[in-house]
Amino acid sequence: MYRRNGLSDGASISSASSEGTSSLLSLDGPSGDYAKSYDAVVFDVLKVTPEEFASQITLMDAPVFKAIQPEELASCGWNRKEKHILAPNVVAFTRRFNQVSFWLVREILTAQTLKIRAEILSHFVKIAKKLLELNNLHSLVSVVSALQSAPIFRLSKTWALISRKDKATFEKLDFLTSKEENYTRMREYIRSLKMVPCIPYLASSDCELWLI
């Protein structure tokens, strides 16, 4: 599991009631205090460039996506009770989406100061931009969705410290990945790629697959 960098299914976060208070973190196994000190020693999200993060996330996403079989998509089995049998690789792909989102939320909420929290948030906006450049739409949507989630979006003091450039970048990415008209803008973007490889975001709305 990716416990060192926060990509862990077994973790849960309870955000603090105000931005001035540290968030609470609990992990299965080691105590929360141990896990936080361990992460702080061996891993600092700000010390890894957005380019490297986006590249590594994409390298981890690619084999999971490639493992998906045509019958899993044709049956839309990931929407059914027997999804782990009918579409195990789509389920694994969805798990990757959730791991990235949870990791992002965790890194931002466990920041020790408001300034660091703002720096980390800006860092993830830059990571999202690089994911788009790599045509990894799967993790791009994961990052944008996490930044839009209630625990992050409500951090008004943090967002106030974000540069205009990063805010503009986030707004553009939000616009591109919007669900409006069943992801029309993202469909148009994918069509513009023509034969350029990409890792798609599998929209399950109405059991529709818009890229295989």
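Counting from 1, the numbers follow the sequence of the chain as shown.
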Measure from the side-chain N and O atoms of [X] to the backbone N and O of [Y], and report whether any donor-acceptor pair falls under 3.5 Å.
X	Y	result
Ser142	Ser101	yes
Gln56	Ala54	no
Arg117	Thr158	no

Honestly curious: do [X] and [Y] fall in one hydrophobic cluster under the side-chain, below-4.5 Å linking rule?
X	Y	answer
Leu104	Leu59	no
Phe170	Phe53	yes
Phe175	Leu131	no
Val143	Val45	yes
Val100	Leu134	no

Do [X] and [Y] touch side chain to side chain, with heavy atoms closer than 4.5 Å?
X	Y	result
Asp166	Ile162	yes
Trp103	Asn98	no
Phe97	Asp61	no

Any side-chain donor-acceptor pair under 3.5 Å between Asn89 and Gln69?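 No pair is found: no donor N or O on one side chain lies under 3.5 Å from an acceptor on the other.
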
How close do [X] and [Y] get, heavy atom to heavy atom, and via which atoms?
X	Y	value
Leu173	Val125	CD1-O, 4.2 Å
Leu193	Cys198	CD1-CB, 4.1 Å
Leu161	Ala118	CB-CB, 3.7 Å
Ser139	Ile57	OG-CG2, 3.2 Å
Leu147	Trp159	O-CZ2, 3.7 Å
His123	Val48	NE2-O, 2.7 Å

Sidechain N-carboxylate O distance under 4.0 Å for Arg185, Glu180: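 Salt bridge: yes.
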
Strictly below 4.0 Å, N to O, side chains only: are Lys115 and Glu119 in salt-bridge contact?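 So Lys115 pairs with Glu119 through a salt bridge.
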
Working note: His138 + Phe65, criterion ring pair (Phe, Tyr, Trp, His ring centres under 6.0 Å); need CA distance, chi angles, decisive distance, verdict. CA-CA 9 Å; His138 177 74; Phe65 172 61; 8.3 Å; no

Side chain to side chain contact (heavy atoms under 4.5 Å, CB included) partner of Glu51, the single match among Lys126, Lys129, Lys130: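 Among Lys126, Lys129, Lys130, the one that satisfies the side chain to side chain contact (heavy atoms under 4.5 Å, CB included) with Glu51 is Lys130.
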
Within a 6.0 Å radius of atom NZ on Lys167, are there more than 12 heavy atoms belonging to other residues, nucleotides or ligands?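 Yes, NZ of Lys167 has more than 12 neighbouring heavy atoms, counting only those of other groups under 6.0 Å.
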
How are the rings of Tyr201 and Tyr183 set to each other: parallel, tilted or perpendicular (split at 30° and 60°)?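 Perpendicular: the ring planes of Tyr201 and Tyr183 meet at over 60°.
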
For the atom pair CD1 (Ile116) and CG (Leu121), what is the distance rounded to the nearest 0.5 Å?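 Those atoms lie 13.5 Å apart.
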
